[in-house]
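Structure first, commentary second.
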Amino acid sequence: MEKGIEKRPELKSTISLNDFQNFYWLKTELVAFCKTNGISASGGKNEIVCRIEQFLATGKYDLPLKKANITSNFDWKNAALQLNTKLTDNYKNTENVRAFMTLHIGSHFKFNTGFMNWANANAGKTLTDAIQEWNRIYDRKRNKEQKTEIAPQFEYNRYIRDFMADNPDQTFTSAIRFWKLKSRRMGDNKYDSNDLLFED
């Protein structure tokens, strides 16, 4: 066993909740655990983790919530769009929307994941709000000094980014090696300068 590294337990139904929470697990491992124990493996990694934690704590889990039924029949493909047009629960990123946004924003307009997620989650907001949100996202991306936001479930990406930022003289291969060491230790998987003290 490597110095300072706890033995990583096997992911099975007898694992304690505490051990489960203190070690890093690949999504493929989590999905395999769910299938073995009759747990729904749908959704993102965070959803699956929450489901497993509930299962380990109580012996059961809640089924994922079904998406709400769509109630709007607004035609985003052909309707005449106005600045006060409200986003609906059936919003789609159509060529009609692209043309409208390009007209009011400029030829640099492009759909992006952040904007599309915002639009789908903000029924009732107007297209004026949508334009303001797109510009906010665009301005943030243009800020070269602002780091790209990485969702908590993408711990590997965040660790590699922070490692390379703190150790510009190190190689990408070294970053991966230290990530592997970190992910096998108990605790969180955030980069720490002390990680370099743990060698193979």
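We're numbering straight along the sequence, starting at 1.
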_Test item: Asp129 side-chain N/O and Lys125 main-chain N/O as donor-acceptor pair under 3.5 Å_ = no
*Do Asn120 and Asn117 have side-chain N/O donor and acceptor atoms under 3.5 Å apart?*
no
*With side-chain contact (heavy atoms from CB on, under 4.5 Å) as the test, would you mind laying out the steps for Ile15 and Glu10 before giving the verdict?*
CA-CA 7 Å; Ile15 190 173; Glu10 185 178 352; over 6 Å; no
*Side-chain touch Gln170/Leu196, heavy atoms, less than 4.5 angstrom*: yes
*Ignoring hydrogens and geometry, is there a side-chain-to-backbone donor-acceptor pair from Asn90 to Phe74 under 3.5 Å?*
yes
*Can you tell me if Thr128 and Asn84 form a side-chain donor-acceptor pair at under 3.5 Å?*
no
*When you measure from the side chain of Asn112 to the backbone N and O of Phe115, does any donor-acceptor pair fall under 3.5 Å?*
yes
*Would you please indicate if the ring centroids of Phe172 and Trp179 are separated by under 6.0 Å?*
no
*asked:* Could you tell me if the side chain of Leu56 sits less than 4.5 Å from the side chain of Ser16, heavy atoms only?
replied: no
*Are Leu127 and Leu87 side-chain neighbours, meaning at least one heavy-atom pair lies under 4.5 Å?*
yes
*If only atom types and distance count, is the side chain of Gln21 paired as donor or acceptor with the main-chain N or O of Asn18 below 3.5 Å?*
no
*Going through the checks in order, is the side-chain contact (heavy atoms from CB on, under 4.5 Å) test met by Tyr159 and Phe178?*
CA-CA 9 Å; Tyr159 184 92; Phe178 282 106; 3.7 Å; yes
*Check for a donor-acceptor pair, side chain of Arg51 on one end and backbone N or O of Ser42 on the other, with a separation under 3.5 Å.*
yes
*asked:* For the CG atom of Asp162 and the OG atom of Ser193, what is their distance to the nearest 0.5 Å?
replied: 12.0 Å
*Does the side chain of Thr85 reach to within under 4.5 Å of the side chain of Thr126, using non-hydrogen atoms?*
no
*Pairwise side-chain contact, Phe23 with Leu11, heavy-atom cut-off 4.5 Å (strictly under)*: no
*Working to the nearest 0.5 Å, report the span between OG of Ser13 and CD1 of Ile52.*
11.5 Å
*Just by modelled atom types, is the Tyr191 backbone N or O under 3.5 Å from a matching donor or acceptor in the Asp195 side chain?*
no
*Using modelled atom types only, decide if a donor and an acceptor are shared between the side chain of Lys45 and the backbone of Trp25 within a distance under 3.5 Å.*
yes
*Could you tell me whether the side chain of Asn135 and the main chain of Ile131 form a donor-acceptor pair under 3.5 Å?*
yes
*Over all atoms of both residues, closest heavy-atom pair of Met164 and Ala175*: SD-CB, 3.8 Å
*Between Ser183 and Lys180, is there a donor-acceptor pair closer than 3.5 Å when you use the side chain of the first and the backbone of the second?*
yes
*Tell me, do Phe111 and Trp134 make a side-chain contact under 4.5 Å, heavy atoms counted?*
no
*Taking C-beta and beyond as the side chain, do Arg98 and Asn93 meet within less than 4.5 Å on heavy atoms?*
no
*Do Leu81 and Leu103 belong together in a cluster built from hydrophobic side chains that touch within less than 4.5 Å?*
no
*asked:* With side-chain contact (heavy atoms from CB on, under 4.5 Å) as the criterion, how do Tyr24 and Lys182 come out once you've worked through the C-alpha distance, each side chain's angles and the decisive distance to 0.1 Å?
replied: CA-CA 9 Å; Tyr24 175 82; Lys182 181 81 170 189; over 6 Å; no
*For the pair Thr94 (side chain) and Trp76 (backbone), establish whether a donor and an acceptor sit closer than 3.5 Å, ignoring hydrogens and angles.*
yes
*Checking side-chain contact (heavy atoms from CB on, under 4.5 Å) for the pair Tyr91/Val97: CA distance, chi angles, key distance, verdict?*
CA-CA 10 Å; Tyr91 171 80; Val97 175; 3.5 Å; yes
*asked:* Between His104 and Phe109, is the ring centroid distance below 6.0 Å?
replied: no
